[in-house]
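Both ligands and their constituent atoms are indexed starting at 1 by order of listing. Only heavy atoms go into these numbers, but all of them, side chains included; no hydrogens, no water, no symmetry mates.
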Amino acid sequence: MSRAQLDKKPVDVASMFDTVAEKYDVTNDVLSLGQDRLWRRAVVKAVDATPGERVLDIAAGTGTSSEPWADQEIEVVPADFSLGMLRVGRRRRPDMAFTAADAMRLPFADESFDVVTMSFGLRNVADPATALREFLRVTKSGGRLLVCEFSQPVNKAFRTVYTNYLMRALPPVARRTSSNPDSYVYLAESIRAWPPQGELARIIEAAGWQQVGWTNLTGGIVALHHGTKR
Ligand SMILES: C[S@@+](CC[C@H](N)C(=O)[O-])C[C@H]1O[C@@H](n2cnc3c(N)ncnc32)[C@H](O)[C@@H]1O
């Protein structure tokens with residue numbers, strides 16, 4: 001893994017996702033042992049969007065996180081800064097309005113969405129606090145935020161087993177399934193370095209979001225953080 005990847009320079013993060021785009025969805029399913037499907041269902045339930053609402057799914061990648069809303073005929077804008085991920089997304093789902101966008105400088109007007117959601121993206125952003133303030137800017141008053149991100153298992157013994165999986169088992173599996181195994185070493189390192197649930201909640205609050213809380217999934221491997229805009 002290069003130092004540039006650890007530094008999360010936007011240009012390096014975008015090109016890393018460009019290289020994994022073609023096999024991204026298959027690799028995800030294998031490495032999460034199918035858990036990603038449960039996590040995605042939980043996100044949709046937590047967002048609870050209704051027809052007439054407008055959803056921004058930032059860091060949407062190939063659009064897998066956005067399609068449940070499109071399938072329910074809820075307006076969703078899948079946005080991402082990796083042109084490779086967007087290309088695969090547009091091929092998979094030509095009906096969705098894929099948009100090139102950097103989470104830290106969104107090309108959307110103030111107060112233009114009812115919901116901003118981000119699945120497995122915030123951890124990769126160079127400055128999450130800046131992104132969270134941008135999300136607040138484009139959200140309507142009374143609108144909501146839902147961040148789905150890897151987190152920290154609550155049980156200590158489970159945490160040890162999981163960390164071993166991340167650091168030892170995941171890279172060799174990724175070597176067999178991914179087009180860029182180094183990116184999955186980055187995945188493991190970036191999960192380990194990411195703040196636990198309470199700390200992330202404080203970062204979200206400091207960005208101006210209210211009623212911030214979270215729900216753990218799979219024992220805390222993933223956490224869904226929510227907030228509302230006053
Ligand atoms: C792990 S993928 C998640 C994709 C999708 N949300 C999902 O759940 O499958 C992370 C995505 O975040 C995008 N990303 C990272 N930093 C970003 C930023 N600053 N702005 C926009 N997209 C970003 C990457 O290009 C990548 O497509």
Chemist: Run the salt-bridge test on Arg87 and Glu22 with the 4.0 Å N-O cut-off and return the result as yes or no.
Modeler: no
Chemist: If you measure from the Lys or Arg side-chain nitrogens to the Asp or Glu carboxylate oxygens, is any gap between Arg37 and Asp29 under 4.0 Å?
Modeler: yes
Chemist: Do Asp25 and Thr62 have side-chain atoms, one donor and one acceptor, less than 3.5 Å apart?
Modeler: yes
Chemist: Got a salt bridge between Arg93 and Asp71, using NZ or NE/NH1/NH2 to carboxylate O under 4.0 Å?
Modeler: yes
Chemist: Give every donor-acceptor pair under 3.5 Å between a side-chain atom in residues 198-213 and any protein atom, sequence neighbours left out.
Modeler:
unit_1: Trp209; atom_1: NE1; unit_2: Leu132; atom_2: O; d: 3.1
unit_1: Gln211; atom_1: OE1; unit_2: Thr228; atom_2: OG1; d: 2.6

Chemist: Can you see whether Phe98 has Arg90 sitting over its ring - NZ or CZ less than 6.0 Å from the centre and within 45° of the normal?
Modeler: no
Chemist: Quick one: table the atom pairs, ligand 1 N or O against protein N or O, below 3.5 Å, distance rounded to 0.1 Å.
Modeler:
unit_1: ligand 1; atom_1: 6 (N); unit_2: Ala59; atom_2: O; d: 2.7
unit_1: ligand 1; atom_1: 6 (N); unit_2: Ser65; atom_2: OG; d: 3.0
unit_1: ligand 1; atom_1: 6 (N); unit_2: Ser119; atom_2: O; d: 2.9
unit_1: ligand 1; atom_1: 8 (O); unit_2: Arg40; atom_2: NH1; d: 2.8
unit_1: ligand 1; atom_1: 8 (O); unit_2: Arg40; atom_2: NH2; d: 3.3
unit_1: ligand 1; atom_1: 9 (O); unit_2: Tyr24; atom_2: OH; d: 2.8
unit_1: ligand 1; atom_1: 9 (O); unit_2: Arg40; atom_2: NH2; d: 2.9
unit_1: ligand 1; atom_1: 19 (N); unit_2: Asp102; atom_2: OD1; d: 3.0
unit_1: ligand 1; atom_1: 20 (N); unit_2: Ala103; atom_2: N; d: 2.8
unit_1: ligand 1; atom_1: 22 (N); unit_2: Phe81; atom_2: N; d: 3.4
unit_1: ligand 1; atom_1: 25 (O); unit_2: Asp80; atom_2: OD1; d: 2.6
unit_1: ligand 1; atom_1: 27 (O); unit_2: Asp80; atom_2: OD1; d: 3.3
unit_1: ligand 1; atom_1: 27 (O); unit_2: Asp80; atom_2: OD2; d: 2.7

